[in-house]
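Here is the naming used below: chain letters follow the sequence lines, and residue numbers restart at 1 for every chain.
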2 protein chains.
Amino acid sequence: MGKVKCQISISADGYLAGPNQSEEHPLGEGGEALHEWAFRTRFFQEMHGREGGEGGVSDAVVREAAAGSGAVVMGRNMFGPVRGSWTEPLWDGWWGDDPPFRVPVFVLTHHEREPLTLGETTFHFVTDGIERAVELAREAAGDGHVSIGGGGEAIQETIRAGLLDEILVNQVPVILGGGTRLLDGIPPSVKLEQTRVVEAPGVAHLFYSLS
Amino acid sequence: MGKVKCQISISADGYLAGPNQSEEHPLGEGGEALHEWAFRTRFFQEMHGREGGEGGVSDAVVREAAAGSGAVVMGRNMFGPVRGSWTEPLWDGWWGDDPPFRVPVFVLTHHEREPLTLGETTFHFVTDGIERAVELAREAAGDGHVSIGGGGEAIQETIRAGLLDEILVNQVPVILGGGTRLLDGIPPSVKLEQTRVVEAPGVAHLFYSLS
């Protein structure tokens, strides 16, 4: 069965998104600074159908992390800013007509909705919780791994349910001063093993396995 | 003028000490786990006048970080568990008859006290705040650098006062679930530059300069 993996960028003070997330600031105030290193990679530009970007250490890290991903699970906040029931016009996600996932995406929500296909990506809406979402994602992923896309709550639920096998923390030298912390509410009984550390310009890639 | 440096071990969830610090648990509950990598180094054993310990990457890192330290500044909690006025019998610190510092140590406190010499270390008690403590430590350090020993509040005060030049964060793969966070209350206006990342067994050494 495929592994369940996550990669996430966090600030020096532990936040994966800045304060006051909104439609205007989907990553929270200042949160874009967490991803500048990733935006610079050739892989990121390719995923968004663009030319350019840089090769190098971080490009290799994100390329390797994404390789073999067969399905994605994400929280509803990562799908869009809408809260409560789905209302017309239906929100189609943050990513435009051709979302960069190109594998089945399972969105955690309390509100049922028909699947949505955009470009090569189909979003499925799961109302039965994280265990069911991961189960469906594993089936869809086949031999591939399942990627937990975020946000913080979805990652934390996956860890607390004992379902996350590996996490890649991209430690970024920026202070956000507030927002959503990656590991809030995770008990000390969760054991991490450091499996690899990679230095790259402006970011440290820290690999852990969980048990 | 010598630089002001700090090295500190933190958990994956950002804590430099566990919850419920006390005389029984000076590092907070579970906090010892943050320092197991350091206890294993030959340098740590030498500092405490003992044989043994391991060479290797972390040994070299802590040896290099300590080299040229001419004075130490620490918060009162790092000196001892006593709060309020000094009362008899006077607390002599956590470190026994021969504290491992062997340079002048400046202890931040609100309560005056005569200097205390133990072995090769003299503790000076500073009641005028962090700026004055760092000024005195710089004078005492001569060409050496000033080490901010901790705890969290002393480090945070030093950063907020714009006095910290470099920080070495030893990122340990353990979850504490509570305690004192390294960078709480530090505003985003504080800029970090990642200068070096070193992989070692069971710990990632992350070097930053501040401005």
Side-chain angles (χ1 to χ4, degrees), chain A residues 8 10-16 18-19 28-34 37 57-58 61 152 156 159-160 166-179 181-211, chain B residues 8 10-16 18-19 28-34 37 57-58 61 152 156 159-160 166-179 181-211:
Chain A
I8 191 83
I10 67 170
S11 65
D13 46 354
Y15 297 103
L16 54 81
E29 293 168 10
E32 295 78 11
L34 295 177
W37 69 270
V57 175
S58 288
V61 164
Q156 290 157 12
I159 295 175
R160 279 195 298 265
E166 298 178 10
I167 188 165
L168 161 55
V169 176
N170 305 302
Q171 183 74 62
V172 179
V174 64
I175 291 170
L176 290 183
R181 279 201 168 98
L182 173 59
L183 292 175
D184 262 359
I186 304 300
S189 55
V190 172
K191 299 303 174 193
L192 299 177
E193 183 188 354
Q194 177 187 297
T195 54
R196 199 170 147 213
V197 173
V198 176
E199 177 174 22
V203 59
H205 302 291
L206 311 176
F207 294 77
Y208 301 100
S209 63
L210 288 83
S211 59
Chain B
I8 191 84
I10 68 169
S11 65
D13 46 354
Y15 297 103
L16 55 81
E29 293 169 11
E32 294 78 10
L34 295 177
W37 70 270
V57 175
S58 288
V61 164
Q156 290 157 12
I159 295 175
R160 279 196 297 266
E166 297 179 10
I167 187 166
L168 161 56
V169 176
N170 306 302
Q171 183 74 61
V172 178
V174 64
I175 291 171
L176 291 183
R181 278 200 168 100
L182 174 60
L183 292 175
D184 262 358
I186 304 300
S189 55
V190 173
K191 300 303 175 193
L192 299 177
E193 184 188 354
Q194 177 187 297
T195 53
R196 197 170 148 214
V197 173
V198 177
E199 177 175 22
V203 59
H205 302 291
L206 311 176
F207 294 76
Y208 301 100
S209 62
L210 288 84
S211 58

Return all side-chain donor-acceptor pairs below 3.5 angstrom for residues 181-193 of chain B, not counting sequence neighbours, or 'none' if the list is empty.
from, atom 1, to, atom 2, distance (Å)
Arg181(B), NE, Asp13(B), O, 3.3
Arg181(B), NH1, Tyr15(B), OH, 3.3
Arg181(B), NH2, Asp184(A), OD1, 2.8
Arg181(B), NH2, Tyr15(B), OH, 3.2
Asp184(B), OD1, Arg181(A), NH2, 2.8
Lys191(B), NZ, Pro188(B), O, 3.2

Pairs of heavy atoms under 4.5 Å with chain B: top-ranked of Val198(A), Leu176(A), Ile10(A), Val203(A):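 That would be Val203(A).
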
Is Ala200(B) in contact with chain A via its backbone, its side chain, both, or neither, using a 4.5 Å heavy-atom distance?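 Backbone only.
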
Main-chain N/O of Ala204(A) paired with Gln194(B) side-chain donor or acceptor, under 3.5 Å: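 Yes, Gln194(B) side chain to Ala204(A) backbone: donor-acceptor pair under 3.5 Å.
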
N/O donor-acceptor pairs under 3.5 Å from side chains in residues 166-174 of chain A, not counting sequence neighbours:
from, atom 1, to, atom 2, distance (Å)
Glu166(A), OE2, Lys3(A), NZ, 3.3
Asn170(A), OD1, His205(A), ND1, 2.7
Asn170(A), ND2, Gln7(A), OE1, 3.0
Asn170(A), ND2, Ile8(A), O, 3.4
Gln171(A), NE2, Ser11(A), O, 2.8

